[in-house]
Amino acid sequence: MRTGLRITAFTAALAATFGTAYGVGRTVEPVVAESAPAPHDTHDRTPSASEAGGDHGGHEAEAAGGLQISEKGYTLDLATPRVTAGQKAELRFTVRDADGDAVTAYQREHDKEMHLIVASRDLVTYRHLHPTRAADGTWSTPVDLPGAGGYRVFADFTPAGKDARNLTLGADLAASGRYEPARLPAPDRTATTDGYRVALSGSLRPGEPGELTLRVSRDGKPVTDLQPYLGAYGHLVALRSGDLAYLHVHPNGEPGDGTTEPGPAISFTATAPSAGTYRLFLDFKHEGEVRTAAFTVKVGAAPDTQAPAPTTTTEHSDGHGH
């Protein structure tokens with residue numbers, strides 16, 4: 001295990017914030033940075049599917065470590081997705097193989113079978129922990145996080161075997177307190193924002209392209225005069241729940257090419273990397289203002305689980321970071 005190198009390679013922001021003074025790569029005591037967090041670079045983002053092994057350009061690239069909850073047939077199963085800020089808790093998790101069985105054999109790296117990194121989303125709090133493993137493959141370690149908010153858990157390990165390779169899997173952890181993390185909304189095929197209703201049809205499929213169509217209406221009437229936004233009549237971002245993997249979603253056609261019309265239907269083609277729950281964010285422009293409609297969808301679920309749910313209201317955010 002090359003903890004220092006992997007933290008630098010896979011989470012450069014961590015290295016930039018904490019530097020070498022924290023001794024990444026060796027056993028350390030919990031550390032809380034005393035300085036204010038560095039401002040976020042608006043260009044930092046999760047790699048798109050094309051950058052993380054997609055089909056653009058016909059070449060593959062390794063996905064950054066820790067951004068994925070599953071990789072190379074292994075999955076990080078975090079049994080403690082929530083703790084209470086300021087209170088000691090036991091963090092429990094399991095690494096599962098492609099068959100869903102708990103992994104019970106590991107190679108030792110730097111004298112440990114498992115190195116666990118916990119970092120807050122604002123990179124103010126950092127922990128380098130060494131959990132203990134039970135005979136059934138369940139890992140556990142005490143943790144005490146000082147502030148409420150979002151955290152990322154990085155499991156750095158090498159499963160035993162002749163073809164074993166080091167992996168870093170990541171999962172989200174929430175510390176509750178005065179700030180209470182919101183739960184992911186239930187799957188829904190409609191969304192409303194600022195008086196607009198957006199209906200979703202089509203489906204994402206794991207490992208193969210699928211077409212998604214979104215139809216915009218207001219006051220019960222189709223909106224047929226959408227304005228171009230980012231080179232299309234709509235811009236769609238899809239994030240996978242659990243690791244925030246970013247899906248590269250392609251709009252079908254461009255304004256003025258004779259293949260698309262300014263509403264009410266906007267279509268996209270996307271490929272989901274795996275089954276799971278995804279959050280879709282559609283930005284569309286009408287009457288000079290960009291609005292956002294959000295959906296939760298299940299990929300790889302039976303068709304009846306995709307039935308329309310009662311309409312929910314999503315609030316438009318003005319913080320478009322494009």
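Fair warning: this is a prediction, and the values are worked out from it, not measured in the lab.
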Enquirer: Donor-acceptor pair, R218 side chain versus G195 backbone, under 3.5 Å?
Expert: no
Enquirer: For the backbone of T125 and the side chain of S120, can you confirm whether one donor and one acceptor N or O come within less than 3.5 Å of each other?
Expert: yes
Enquirer: Output yes when a side-chain donor or acceptor of S201 lies under 3.5 Å from a complementary backbone atom of L212, and no otherwise.
Expert: no
Enquirer: Charged N to carboxylate O under 4.0 angstrom, D283 versus R291?
Expert: no
Enquirer: Determine whether more than 12 heavy atoms belonging to other residues, nucleotides or ligands lie under 6.0 Å from atom CD of E90.
Expert: yes
Enquirer: Determine whether V153 and F93 make a side-chain contact, defined as any pair of heavy atoms from C-beta on separated by less than 4.5 Å.
Expert: no
Enquirer: What pair of heavy atoms forms the shortest contact from V83 to A89, and how long is it?
Expert: CG1-CB, 3.9 Å
Enquirer: Donor-acceptor pair, R240 side chain versus I69 backbone, under 3.5 Å?
Expert: no
Enquirer: Taking the six-membered ring where the residue is Trp, are the ring centres of W139 and F157 under 6.0 Å apart?
Expert: no
Enquirer: State the CG-OG1 distance between L169 and T75, to the nearest 0.5 angstrom.
Expert: 7.5 Å
Enquirer: Mind checking the CZ-NZ spacing from R108 to K112? Nearest 0.5 Å is all I need.
Expert: 6.5 Å
Enquirer: Do you know which two heavy atoms are closest between P206 and A275, and how far apart they sit?
Expert: CB-N, 3.8 Å
Enquirer: Quick check for you: to the nearest 0.5 Å, what is the distance between Y196 atom OH and D219 atom CG?
Expert: 9.0 Å
Enquirer: Within the 4.5 Å heavy-atom criterion, are L280 and V297 side-chain neighbours or not?
Expert: yes
Enquirer: Side chain of R127, backbone of D144: donor and acceptor closer than 3.5 Å?
Expert: yes
Enquirer: Test your reading of the model: is there a side-chain donor-acceptor pair from T158 to the backbone of Q107, 3.5 Å cut-off?
Expert: no
Enquirer: Under a 4.5 Å cut-off applied to non-hydrogen side-chain atoms, are R279 and P185 in contact?
Expert: yes
Enquirer: Within the structure provided, determine whether R165 and K72 are in side-chain contact (heavy-atom separation under 4.5 Å).
Expert: yes
Enquirer: Please report the shortest heavy-atom distance between A294 and A191, naming the atom on each side.
Expert: O-CB, 3.4 Å
Enquirer: So do I117 and R152 actually touch side chain to side chain, heavy atoms under 4.5 Å?
Expert: no
Enquirer: Does any part of the side chain of M114, heavy atoms only, come nearer than 4.5 Å to the side chain of V95, both counted from C-beta?
Expert: yes
Enquirer: CG/L184 to OG1/T296 distance, rounded to the nearest 0.5 angstrom?
Expert: 4.0 Å
Enquirer: How long is the gap from CG on L200 to CD1 on I266, to the nearest 0.5 Å?
Expert: 11.5 Å
Enquirer: Can you tell me how far the CG atom of L116 sits from the OG atom of S140, to the nearest 0.5 Å?
Expert: 11.0 Å
Enquirer: Identify the two heavy atoms, one from G137 and one from T94, that lie closest to each other, and give their separation to 0.1 Å.
Expert: O-CG2, 3.8 Å
Enquirer: Would you call F284 and T193 a side-chain contact if the rule is heavy atoms closer than 4.5 Å?
Expert: yes
Enquirer: Tell me whether D97 contacts the main-chain N or O of D99 through its side chain, where contact means a donor paired with an acceptor under 3.5 Å.
Expert: yes
Enquirer: Any donor-acceptor pair under 3.5 Å linking the side chain of T80 with the backbone of R92?
Expert: yes
Enquirer: Check A175 against L145 and note the closest heavy-atom contact, atom names and distance.
Expert: CB-CD1, 4.4 Å
Enquirer: Donor-acceptor pair, D136 side chain versus T138 backbone, under 3.5 Å?
Expert: yes
Enquirer: Judged by atom type as modelled, is there a donor-acceptor pair below 3.5 Å linking the side chain of Q227 to the main-chain atoms of G288?
Expert: yes
Enquirer: When you compare the side chain of H286 with that of V216, does any pair of heavy atoms fall below 4.5 Å?
Expert: no
Enquirer: Determine whether L173 and V143 satisfy the following criterion, side chain to side chain contact (heavy atoms under 4.5 Å, CB included), listing intermediate values before the conclusion.
Expert: CA-CA 12 Å; L173 172 67; V143 66; 5.7 Å; no
Enquirer: Go through the steps to decide whether Y74 and V103 satisfy the test side chain to side chain contact (heavy atoms under 4.5 Å, CB included), and finish with yes or no.
Expert: CA-CA 9 Å; Y74 295 91; V103 177; 3.8 Å; yes
Enquirer: V290 vs H235, test: side chain to side chain contact (heavy atoms under 4.5 Å, CB included). Steps then yes/no.
Expert: CA-CA 10 Å; V290 177; H235 182 68; over 6 Å; no
Enquirer: How close do T271 and G207 get, counting heavy atoms only, and between which atoms?
Expert: CG2-C, 3.6 Å
